[in-house]
Amino acid sequence: MLMQTKTEARPADPVSRRRTFAIISHPDAGKTTLTEKLLLFGGAIQLAGEVKAKRNRVSTRSDWMGIEKERGISVVTSVMTFEYGDCVFNLLDTPGHEDFSEDTYRTLTAVDSAVMVIDAAKGIEARTRKLFEVCRLRDIPIVTFINKLDREARDPFELLDEIEKTLALDVAPVTWPIGTGRNFSGTYELGGNRVRRLDAAEDAGMVAVSGPDDPLFDELLTEDGAADAWREEVELAEGGLKPFDLDAFREGHLTPVFFGSALRNFGVRDLIDGLAKVAPPPRGQDADKRLVEPTEPRMTGFVFKIQANMDPNHRDRIAFMRVCSGKLNRGMKARLVRTGKPISLSAPQFFFAQDRAIADEAYAGDVVGIPNHGTLRIGDTLTEGEDLVFRGVPSFAPEILRRIKLTDAMKAKKLREALQQMGEEGVVQVFVPQDGSQAIVGVVGALQLDVLKERLQAEYGLPVDYETSRFSVCRWVSSDSEAELDKFVDSHGSAMAKDLDGAPVFMATTAFSLRYEEERYPAVRFTDVKDYQKRAV
Ligand SMILES: Nc1nc2c(ncn2[C@@H]2O[C@H](COP(=O)(O)OP(=O)(O)OP(=O)(O)O)[C@@H](O)[C@H]2O)c(=O)[nH]1
C-alpha cells in the first residue's frame with residue numbers, strides 16, 4: 001500500500017536522520033547480496049556489475065575471515081555506515097547461521113528496526129522465524145523484503161498469508177510483483193499507479209500508469225490470460241489487505257512488504273526509500289535507573305560487540321559501541337561504569353564497506369568502533385554524565401562444553417592470553433576450572449568451535465584440539481546468602497569454574513544431575529542467562 005504517512009519530513013537534526021537497522025534472514029535468502037546493493041546505493045562500495053560468486057568476489061566487511069570464505073557463510077557481525085538521501089544508515093550485519101546466534105542477539109540489542117529477507121520460493125524458514133521472535137521481544141519494527149522474484153516463486157498471497165499466520169504479523173504490501181521467474185518484469189506500487197520496470201535503468205525511477213488496467217500490463221505479461229489474472233490479484237491486494245499504518249508498524253504489529261530481486265538490484269531502491277521514510281530514528285534505551293532518550297545532551301553508549309584482529313596487519317581490538325544519547329566527540333573522555341575509570345575516546349572509528357575512518361563526531365544511533373587493549377568488554381556502558389547501565393546484552397549458558405587440548409605444552413601461557421581475548425570478544429565462553437585443570441570452552445553452536453580453532457592457529461600460532469569434557473551443561477550460580485553459596489562451591493570443587501569476570505559457574509554432567517543439585521540447594525540460584533548488569537566488577 002502506498003506509504004502515505006505523517007513521516008519525519010526532511011529530517012534535519014542529526015538524531016532523526018539516523019536509521020540503525022539489521023537484516024535478518026535464513027541463510028541463503030540473500031542477506032549478503034542485499035547488503036551489498038544497499039551499500040552501492042549509499043556509495044559505500046563501488047562494485048561494477050553483478051555480485052561475484054562468493055568465493056572470489058571483492059571482500060566486504062562481512063566476510064573477512066577464511067572460514068567464511070571457505071564455507072560461503074557470513075560469520076561475523078559488523079557495522080556499515082552509509083548516507084542516502086537525507087539519512088545516515090547504520091547497517092549492522094548479523095551472521096545467518098544459527099551457531100552464531102549469540103552474536104546476532106547481541107547485535108539486535110543495538111538496532112531500531114530490522115529488514116526481514118524472505119526467499120520467495122521458500123517463505124518463512126526456521127531461522128527467520130527465530131530471529132523474528134527476538135525482534136518481537138524487543139519491539140523492533142520489521143520491514144519485509146521478499147527476494148528472488150526473478151526465480152520461480154510462490155504465489156504472493158500465499159507468502160503474505162504465511163507471514164501473517166506464522167508470525168502473527170499484519171502485512172501491508174507496498175509493491176506488487178508483475179510476474180515471477182522468467183516472467184518477472186517489475187513491480188507495481190499498490191494504490192500509487194506507478195510501475196518500476198525490470199528492463200529500465202535502475203535510476204529511471206517509477207513511471208506513472210493509469211492504473212492496473214493500463215495496457216502496459218498486457219505488454220509485460222504476455223502469456224495467455226496472465227495480465228487479467230494479475231489485475232484480479234492487484235484488485236484483491238488493494239481492496240483486501242490492510243493499508244500501511246505507521247503506528248502499527250512502529251509498535252511491531254504490521255510489516256510493510258516489498259518485492260524484488262537483490263541479485264538484479266531490483267526493488268532495493270524502494271526498500272531503502274521505505275526505510276528512510278518509515279523506519280524509526282533512534283529510540284530511547286532502557287538503563288537500570290531510567291530510560292535514556294537519544295536527544296539528551298550527555299553522551300552515553302553501550303558495547304555490544306568486541307572484535308579483534310580485523311586487520312591482520314595490525315593487532316587491533318575494536319569495541320563496537322552504540323551511542324544512545326548526546327554527541328560523541330573525538331578526544332572526549334567518558335567514564336566506564338563497570339570500573340569507574342575514565343577512558344579517552346581519542347580515535348573512535350566509523351566503518352564503511354571496505355574502509356574505516358576516524359569519527360570526529362557521532363550521534364545517538366551511530367555505532368562507533370573504539371580501539372582498546374582489553375579495557376572494554378561486551379555489555380559495558382560508557383557515560384559522560386551519571387552512572388547508569390544499559391540493559392539487554394545477555395550472555396547465554398553454552399550448550400556444548402569442550403576441554404582445550406594444546407599440542408605444544410610450552411605455549412600454555414600464550415593460550416591463556418588468547419582464550420582471554422577470544423572470550424572477551426564473545427567468540428566462545430571460557431571457564432577456568434577451580435581444580436587448575438585445562439580451560440573449558442563453551443559454545444552455543446558447534447561452528448563457534450571451528451572459528452576458535454582457526455583463529456587460535458591463524459592469529460596466535462596455536463594449534464589446538466578439543467577433548468570432550470565430562471560436563472555437558474553449566475549454570476551461573478549465585479545466592480542471597482554468601483554462606484550458602486560458599487557451602488555449595490566448597491562441596492562441588494571439581495565441578496566449579498570461573499568465567500572471565502570471575503563469576504562462579506557450576507558444571508554438571510547431565511541435565512538430570514543439574515536438576516538434582518537445584519533441588520538439593522534451594523538457596524542457590526542457577527541461571528542460564530547472565531545479566532551483564534549483575535556481573536562482578
Ligand atoms: N536468482 C537470485 N539469486 C539471488 C538473489 N539474491 C541472492 N541470490 C543468490 O542466492 C545465494 C545466497 O545469497 P547470499 O546473499 O549469499 O545469502 P545470505 O542470506 O547472505 O547467506 P548467508 O551468507 O549464508 O547468510 C547466492 O548465490 C546469491 O547469488 C536474487 O534476487 N535472485
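In this chain, numbering begins with 1 at the start of the sequence shown. None of these values were measured; they are calculated from a predicted model. Order of appearance sets the numbers: ligands from 1, and atoms from 1 within every ligand.
Sorted by first and then second residue, the pairs that involve residues 138-171 and meet ring pair (Phe, Tyr, Trp, His ring centres under 6.0 Å), not counting sequence neighbours, are Phe157-Trp176.
Not one N or O of Pro27 is nearer than 3.5 Å to an N or O of ligand 1, by distance alone. Checking only distances, Leu263 does come within under 3.5 Å of ligand 1, N or O to N or O.
Ligand 1 has Arg151 within reach: a non-hydrogen atom of the residue lies less than 4.0 Å from it.
Using modelled atom types, no side-chain atom of Glu164 and backbone atom of Asp170 make a donor-acceptor pair closer than 3.5 Å. Although no hydrogens or angles enter the test, the distance criterion places a donor-acceptor pair under 3.5 Å between the side chain of Thr166 and the main chain of Glu162.
Using a 4.0 Å cut-off between charged side-chain N and carboxylate O, Arg231 and Asp228 make a salt bridge.
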- Message: With ring pair (Phe, Tyr, Trp, His ring centres under 6.0 Å) as the criterion, how do Tyr188 and Phe217 come out once you've worked through the C-alpha distance, each side chain's angles and the decisive distance to 0.1 Å?
- Response: CA-CA 10 Å; Tyr188 173 70; Phe217 299 108; 5.6 Å; yes

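Side chain to side chain, Gln429 and Asp499 fail the donor-acceptor criterion of an N or O pair below 3.5 Å.
Between Ile23, Thr33, Leu34, it is Thr33 that holds the heavy atom closest to atom 7 (C) of ligand 1. Nearest-residue assignment for atom 6 (N) of ligand 1 (options Ile24, Thr35, Asp150, Asn147; heavy-atom criterion): Asn147.
Atoms of ligand 1 found under 4.0 Å from any heavy atom of Lys31 (numbered from 1 in listed order, with element): 15 (O), 17 (O), 18 (P), 19 (O), 20 (O). Short contacts between ligand 1 and Ser261, defined as distances under 4.0 Å to a heavy atom of the residue, involve ligand atoms 30 (C), 31 (O), 32 (N).
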